[in-house]
Amino acid sequence: RRVHGGVSGTQSRRVLVMAEQLADKLTHEYGEAFEVSPSSVNFLSCGSEYYEALLSGIQHAKSNILLTSLYIGTGKLEQQLVKALVEATTRGVTITILLDHMRATRIVKAPHTP
């Protein structure tokens with residue numbers, strides 16, 4: 001077994017299988033495409049609006065959260081995000097996180113901000 005950044009090939013395959021199963025489930029439930037009412041679409045103009053919308057979505061999730069990202073940093077905002085995800089699990093919410101393997105394995109200390 002090869003291990004890169006603490007993740008074995010077996011673990012990587014398991015994550016891919018989970019992602020494929022989730023994609024199959026969503027396709028089965030909603031089809032290849034699904035209609036979205038224009039009134040249900042919100043345009044966000046800056047990163048802080050995105051972060052607040054993300055936190056709100058996590059806090060109001062009832063069954064599943066699927067989060068995809070290049071990485072999750074180690075700063076204050078990211079710590080709040082992880083805390084919200086952990087709290088969601090206490091409500092019985094299933095969390096699936098898909099990260100870029102190469103970006104997610106680089107641990108860089110967050111810059112200090114005032």
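Screening residues 83-95 for side-chain hydrogen bond (donor to acceptor under 3.5 Å, both in side chains) gives no qualifying pairs among residues at least two apart or on separate chains.
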Just do the side-chain contact (heavy atoms from CB on, under 4.5 Å) check on D100 and T68 with the steps written out, would you? CA-CA 8 Å; D100 179 275; T68 62; over 6 Å; no
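Side-chain atoms of L99 and L70, non-hydrogen and from C-beta on, never get closer than 4.5 Å to each other.
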Between side-chain atoms of residues 39-47 and protein atoms elsewhere (two or more places apart, or another chain), which donor-acceptor pairs fall under 3.5 Å?
residue: S39; atom: OG; partner: S37; partner atom: OG; Å: 2.9
residue: S40; atom: OG; partner: S37; partner atom: O; Å: 2.7
residue: S45; atom: OG; partner: E49; partner atom: OE2; Å: 3.2

Less than 3.5 Å apart, which donor and acceptor atoms pair up between the side chains of residues 50-57 and the rest of the protein, not counting sequence neighbours?
residue: Y51; atom: OH; partner: L77; partner atom: O; Å: 2.8
residue: Y51; atom: OH; partner: Q80; partner atom: OE1; Å: 3.1
residue: S56; atom: OG; partner: H60; partner atom: ND1; Å: 3.3

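Among all heavy-atom pairs drawn from V93 and A61, the shortest one is CG2-O, 3.5 Å.
The only member of T96, I95, I97 that meets side-chain contact (heavy atoms from CB on, under 4.5 Å) when paired with I65 is I95.
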